[in-house]
Every structure is written in C-alpha cells, then in structure tokens.
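Just below is one structure, and these are the notes that go with it.
These figures come from a predicted structure and were not determined experimentally.
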Amino acid sequence: EVPDIRLFWSGDERFLKQFSEGDLTTKFKPYSKYPACWKDMAFWISPEFSENNLCELVREIGGDLVEEVVCVDEFTNKKTGKTSNCFRITYRSMERSLTDDEINTIQEKVREQVAERLKVELR
C-alpha cells in the first residue's frame with residue numbers, strides 16, 4: 001500500500017511516524033505532497049475562550065485545508081494578569097499548492113470570527 005518504497009529513506013516525518021519497527025500491520029495514510037502555509041494568530045484570551053472551540057472554529061472556516069492548529073506560545077502579563085496565546089495554523093491541500101491570497105482571505109475570516117465568537121482581543 002505504500003506508493004513508493006523510497007519513502008522509507010526519505011526522512012519525511014509525515015511518512016516515518018506512521019510506522020513502528022517490527023509492526024507490519026500499519027496501514028499507510030496518504031499525506032499531501034504540496035507545501036504547507038503557516039499563519040500565526042496571537043490574542044489575549046477571555047473566559048469564553050477554549051482551545052477546543054478555537055480548533056472547531058478554524059476547521060469550520062478553513063475546512064479540509066486546515067491540517068493543524070497548535071499553541072506555540074503563551075504569555076501572561078504580570079502587570080495586567082492577562083494571558084496571551086499564539087496559535088499556529090497549518091494550511092495544506094491534498095490536490096494543489098495554495099496561494100497567499102487564498103490563505104490570507106481564509107485567515108482574515110478566522111481572525112474576525114475568533115474575535116467575535118470567542119470574545120478574544122486580537123494582537
């Protein structure tokens with residue numbers, strides 16, 4: 001089921017992490033050959049905010065183009081007590097390379113909806 005045996009020597013973590021030494025029962029899961037596009041979004045969190053709600057909202061707007069949503073930084077301002085999170089959204093298509101314009105449009109919708117629905121203050 002592996003499309004090309006050379007993938008075992010490729011060093012690509014998306015391929016290699018699917019398999020364990022000695023386990024011959026693992027099924028290969030295809031992944032995109034196209035490049036990813038990363039967008040960071042930082043904001044001061046609110047009581048209404050939850051990481052799960054953020055992930056659902058991003059996937060609702062970005063659909064299948066959203067590969068991953070990960071918190072890459074957290075900071076608490078000692079003076080105000082407010083906490084800021086920075087999330088990295090990975091966009092990637094299985095069929096084609098994505099354009100900056102396309103992803104910027106999606107990211108702007110994500111930012112608007114996150115601020116409105118999760119009541120966060122964008123930075």
Considering only heavy atoms from C-beta outward, does the side chain of Ser97 approach that of Pro35 to under 4.5 Å?
-> yes
Going by an N to O cut-off under 4.0 Å, is there a salt bridge joining Glu95 and Lys33?
-> no
Between Val120 and Glu48, does a side chain to side chain contact (heavy atoms under 4.5 Å, CB included) hold up when you go through it step by step?
-> CA-CA 8 Å; Val120 300; Glu48 291 85 2; over 6 Å; no
Look at the rings of Phe43 and Phe87 and say which category their plane angle falls in: under 30° parallel, 30 to 60° tilted, over 60° perpendicular.
-> parallel
Which is it for Glu60 and Arg117 under the salt bridge (charged side-chain N to carboxylate O under 4.0 Å, His left out) test, yes or no, and what are the steps along the way?
-> CA-CA 13 Å; Glu60 176 184 314; Arg117 292 168 52 182; 3.1 Å; yes
Do Thr76 and Lys82 have side chains that get closer than 4.5 Å, going by heavy atoms?
-> no
Under 4.0 Å between a Lys/Arg side-chain N and an Asp/Glu carboxylate O for Arg92 and Glu68?
-> no
Minimum side-chain heavy-atom gap Asn85-Asp73 below 4.5 Å | no
Inspect the surroundings of CG in Asp40 and state if more than 12 heavy atoms from other residues, nucleotides or ligands are less than 6.0 Å away.
-> yes
Hey, could you give me the OG/CD distance between Ser84 and Glu74, rounded to the nearest 0.5 Å?
-> 8.5 Å
Cationic N near anionic O, under 4.0 Å, Glu116 to Arg111 | no
Taking atom CD1 of Ile61 and atom CD of Glu56, what is their separation to the nearest 0.5 Å?
-> 12.0 Å
SG of Cys37 to CD1 of Ile89: how many Å apart, nearest 0.5 Å?
-> 10.0 Å
Using modelled atom types only, decide if a donor and an acceptor are shared between the side chain of Ser46 and the backbone of Lys119 within a distance under 3.5 Å.
-> yes
Under 3.5 Å donor-acceptor, Ser32 side chain and Ser93 backbone | yes
In one Ile/Leu/Val/Met/Phe/Trp/Tyr side-chain cluster, 4.5 Å: Tyr34, Trp38 | no
Side-chain heavy atoms of Arg59 within contact of Val69, under 4.5 Å = yes
4.5 Å side-chain heavy-atom contact, Trp44 and Phe75 | yes
Do Val72 and Arg88 have side-chain heavy atoms sitting under 4.5 Å apart?
-> yes
Same cluster for Leu54 and Val70 if Ile/Leu/Val/Met/Phe/Trp/Tyr side chains link at under 4.5 Å?
-> no
Hey, are Glu108 and Asn104 close enough side-chain-wise for a donor-acceptor pair under 3.5 Å?
-> no
Carefully, step by step, assess Gln107 and Tyr91 under the rule side-chain hydrogen bond (donor to acceptor under 3.5 Å, both in side chains).
-> CA-CA 10 Å; Gln107 185 69 9; Tyr91 296 96; 2.7 Å; yes
For Val114 and Met41, work out which heavy atoms get closest and say how close.
-> CG2-CE, 4.0 Å
Side chain proximity check, Leu57 to Val110, heavy atoms < 4.5 angstrom = no
Can you list the steps and then say if Leu65 with Ile106 is a side chain to side chain contact (heavy atoms under 4.5 Å, CB included)?
-> CA-CA 10 Å; Leu65 297 181; Ile106 294 170; 3.8 Å; yes
So if you build clusters from Ile, Leu, Val, Met, Phe, Trp, Tyr with side-chain heavy-atom gaps below 4.5 Å, do Ile103 and Met94 land together?
-> no
